[in-house]
Amino acid sequence: MGWNIKMPDAEYVTLGSRELDGLVREVVDKKKVAIDTETDGLILHKCRPYYWSMCFKSEMGRERRITLPADTLGAFKPAFNDYEKKWVFANAKFDMHMLSNLDINIKGLLVDVQVMHALLYEEQPHGLKDIASTLLGWKWTDFTDTFGSMRAGICVCGGSKASHFNKDGICKKTGCAEFRQVGPLDLLRRAEATNMNLLIDYAANDAFGTWKVFEKLDEDLAKEDTWSLYDTQWPHIKTMWDYYYKTEMPFTRVLFACERNGLRVNKKYLQDISPGILRDMATLRSKINELTGTMMKTNGPMLAEYFIGKCGLRPHKMTKGGKSGVQKPSVDEKFLDWVATEHRDKVYGEVARLLCEHNKIEKQYGTYIEKMPGRLDAQDRVHPRLNQDVARTGRLSSSDPNLQNVTGGEKDLYKLRNSFIAKKHHKLIVADYSQLEMRLLAAASQEPAMMEIFHKNWDIHMGNVSIVYGIPYEDMVEAKKIDKAVGKKDLPESALTDYVKRCLSLRGSIKQIGFGLNYGMKEKAMAARIGCSVEEAIDTIDKYMATYPAVRAFFASAAEDARRTGYAFTLMGRRRYLPDIIARDDYTRFRAERQASNMPIQGTAAEVCKMAMINIYEDVELREKYGYEMCLQVHDEIVGECPDEHVDIVVPRVREWMEHPFPTDIGVPLTAEIGYGDEWGNAKKG
DNA sequence: TACGGCGGCGCG
DNA sequence: AAAGCGCGCCGCCGTA
């Protein structure tokens with residue numbers, strides 16, 4: 001098996017066996033137990049464990065490594081109900097879902113070795129097999145290698161004894177043509193029938209590996225000091241061990257609750273808007289075919305051939321070239337937009353416009369109309385995963401589906417955000433931080449002038465313009481009002497005087513500067529973004545930096561510190577190692593520098609939202625008395641659901657936790673805007 | 001036929 | 001040669 005250590009024999013304990021009662025008693029007494037499940041699939045809301053395994057240190061100081069059938073789980077309820085016990089998992093939320101689907105609900109603390117690993121080795125993969133192999137030098141075969149491929153078909157008539165299909169889809173054994181895709185369950189059944197010992201051994205490996213990896217990571221976290229911008233403010237978080245157990249471990253339970261709740265989807269709404277979208281796409285497609293005289297694919301290399309080869313346009317940039325390394329002209333939205341405006345009177349200008357429109361609709365249709373119904377549970381709720389060990393900055397990521405990139409605002413042509421709704425007699429509570437990253441920039445740099453803007457509760461971009469250019473803040477506010485009124489046709493165009501226009505344009509450009517700096521943008525890119533000359537961009541940046549010298553110093557020291565220490569860090573002391581910061585290659589090094597200046601801001605913003613969510617979750621009354629349940633986080637936004645009658649109590653309470661995520665002040669006020677409504681897209685601020 | 005890479009684009 | 005941080009997913013294409 002590739003093991004180079006002495007491993008305890010795998011035990012197998014079944015329901016009704018003589019050993020079971022003794023084992024339950026022993027587990028009840030344990031402070032820490034590693035467990036893992038073997039399930040019939042990966043779907044969070046419906047798959048179930050068929051076997052499970054555990055590992056813990058017995059009285060003799062020796063690890064026990066045990067596989068059990070799922071029907072034994074009920075016997076361990078006394079252990080699962082212990083609030084103090086630490087349950088060690090690899091990918092805890094997944095196993096929690098599987099157990100929960102059998103109505104087994106673990107009350108104790110959820111320790112996840114993958115999350116622990118992500119804190120120390122954020123640049124590496126965090127799967128259990130990867131961790132075990134890099135930390136301990138252990139390897140064992142994965143599920144597919146042990147039990148066979150899931151790709152082959154399986155015969156329905158064959159029952160639990162799996163029979164493979166030939167290439168024509170006919171069962172080799174019976175000639176039966178009725179088949180379905182092989183799932184993990186089929187493989188487990190096959191293993192049961194053919195080699196039960198292998199199954200027992202394999203299942204026990206995962207729990208044992210989890211346990212050994214846990215022991216190592218637990219020690220290593222304690223050796224790792226946090227280095228925080230504000231370390232004196234949290235004397236109780238001295239090491240990464242402290243950080244893990246006080247922050248990430250409780251957060252896992254919060255995320256599990258979010259995933260478990262999911263969001264309700266209005267299936268009928270999706271059905272209703274589907275035909276119209278299909279019609280729009282078909283219309284666009286036929287127009288494109290007509291104009292180009294071909295059955296043109298709407299994306300892919302054919303586009304380059306058409307615009308560059310056939311129409312003779314000059315490409316803006318080239319693609320990377322893939323495996324073959326053949327670079328082709330890039331046909332992205334920017335290019336299509338350019339063609340559509342520069343050549344609007346030509347046939348291909350119109351084609352570009354139509355392609356642009358079509359491709360956006362196609363993407364949204366595929367993602368949110370076509371695939372969504374298959375993801376829903378019996379209550380029409382979708383359960384996106386909220387991954388705690390993916391983003392190197394410490395942010396969450398969302399997948400299956402990703403609800404952190406649902407189209408919104410103007411681009412949401414078919415109001416897809418409104419397909420996410422509250423359940424009956426409930427409202428969605430949508431809470432947003434305002435200008436979180438800009439506030440954290442002010443706090444991290446301790447720039448007094450910028451902090452002052454937030455203390456006065458000014459709009460940061462208008463405040464920046466006001467200070468950098470000496471324009472009275474009131475004028476900026478007035479300009480924005482006029483702009484809004486003209487937009488609504490309450491005022492004539494003539495109300496937009498040159499002065500008002502100047503105020504508005506300065507706000508726009510300084511806003512881009514603010515974002516650009518966070519991303520480590522250089523003046524050239526800034527100029528392109530703002531739509532001004534490079535000289536003007538340099539001038540604006542200079543003015544900005546002269547006004548906020550501490551901000552300049554902050555960005556400079558972010559890169560310098562990373563060069564000296566090898567890593568960038570956040571307010572709570574999470575690190576991101578950046579070996580490329582000393583790369584000889586300029587492009588590589590510059591990228592590391594941009595990452596170094598972005599990490600403290602983006603990473604700290606992630607921590608702010610994380611702490612807020614923990615606070616909200618641990619405010620038990622919110623849940624148990626007022627029925628508030630969290631559903632989703634979109635980086636600086638927390639989406640929850642609560643009964644209609646409790647909205648007035650829940651909203652200010654959620655706001656309070658968001659605005660005070662830490663036990664101490666960070667020197668800049670944080671503010672959250674909270675809206676509620678029946679649909680995600682319509683949650684009105686109130 | 002399945003998979004991985006890539007281009008492109010959605011969000012913060 | 002390249003100069004915008006962090007993600008995930010779609011369709012397409014080349015590959016085995």
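Below, chains carry the letters A, B, ... as their sequence lines are ordered, and counting in each starts from 1. The structure presented is a predicted model; accordingly, all values stated were derived computationally and were not measured.
Ion pairing between a basic and an acidic side chain is recognised when a charged N comes within 4.0 Å of a carboxylate O; A/R552 and A/E447 show no such pairing.
Screening A/R439, A/E659, A/R655 against A/T671 for a side chain to side chain donor-acceptor pair (under 3.5 Å) leaves a single residue, A/R439.
In the set C/dG11, C/dC10, C/dC7, the nucleotide with an atom closest to the side chain of A/S397 is C/dC7. You'll find that the side chain of A/K411 is closest to B/dC11, out of C/dG6, C/dC10, B/dC11. Checked against B/dG12, C/dC9, C/dG11, the side chain of A/E370 finds its nearest nucleotide in C/dG11. Each of C/dC7, B/dG12, C/dC5 was ranked by its minimum atom distance to the side chain of A/H635; first place goes to B/dG12. Across C/dC10, C/dC5, C/dA3, the shortest atom-to-atom separation from the side chain of A/R375 is found for C/dC10. Distances from the side chain of A/R594 to the nucleotides C/dG8, C/dC5, C/dG11 place C/dC5 closest. Listed candidates were C/dG8, C/dC7, B/dG10. Nearest to the side chain of A/R392 is C/dC7. For A/D585, counting side-chain heavy atoms from C-beta on, the closest listed nucleotide (C/dC9, C/dC5, C/dA2) is C/dA2.
A/D636 comes within 4.0 angstrom of the backbone, heavy atoms only, and of no base. Contacts of A/R576 with the nucleic acid, taken as non-hydrogen atoms under 4.0 Å apart, involve only primed sugar atoms and P, OP1 or OP2. Nucleic acid contact class of A/S597 (heavy atoms, under 4.0 Å, all strands): none.
Contact check for A/T367 versus A/P401: no side-chain heavy atoms found under the 4.5 Å cut-off. In this structure, A/H97 and A/H383 have side chains that are not in contact, with every pair of non-hydrogen atoms separated by 4.5 Å or more. A heavy-atom distance below 4.5 Å is found between the side chains of A/E437 and A/Q602. Using a 4.5 Å heavy-atom threshold, the side chains of A/Q388 and A/D112 count as separate. Side-chain contact check for A/Y269 versus A/I421: every heavy-atom pair is 4.5 Å or farther apart.
In terms of polar N and O atoms assigned as donor or acceptor, the side chain of A/D586 never comes within less than 3.5 Å of the base of C/dA2 in a complementary pairing. For C/dC5, its base sits under 3.5 Å from the side chain of A/Q602 at one donor and acceptor pair at least. At a cut-off of 3.5 angstrom, counting only N and O atoms as typed in the model, there is no donor on one side facing an acceptor on the other between the side-chain of A/K360 and the base of B/dC9.
With a 6.0 Å radius and a threshold of 12 heavy atoms from other residues, nucleotides or ligands, A/L278 has its CG atom above the threshold.
Put simply, A/R395 has no side-chain N or O that comes within less than 4.0 Å of OP1 or OP2 on C/dC7.
What separates CD of A/Q364 from C1' of C/dC9 is a distance of 13 Å, to the nearest Å. Taking atom CD of residue A/Q633 and atom P of nucleotide C/dG6, one finds them 17 Å apart after rounding to whole Å. Atom CE of A/M281 and atom P of C/dG11 are 10 Å apart (whole Å). Taking atom CD of residue A/E362 and atom P of nucleotide C/dC9, one finds them 17 Å apart after rounding to whole Å. The interatomic distance linking A/K524 (NZ) with C/dA3 (P) rounds to 7 Å, in whole Å. Straight-line distance from the CD1 atom of A/I581 to the C1' atom of C/dC5: 14 Å, rounded to whole Å. Following rounding to the nearest Å, A/L355 (CG) and C/dG11 (C1') show an atom-to-atom distance of 14 Å. Across the protein-nucleic acid pair, A/H126 atom NE2 and C/dC7 atom P stand 10 Å apart, rounded to whole Å.
Residue-nucleotide stacking is present for A/F590 and C/dA3, judged by a side-chain ring centre under 5.5 Å from the six-membered base ring centre and planes under 30° apart.
In the region residues 401-410 of chain A, proximity to DNA chain C at under 4.0 angstrom, judged on heavy atoms, holds for A/N402, A/N405.
The aromatic rings of A/F515 and A/H461 are tilted relative to each other, their planes meeting at an angle between 30° and 60°.
As rounded to the nearest Å, B/dC9 and C/dA1 have C1' atoms that lie 24 Å from one another.
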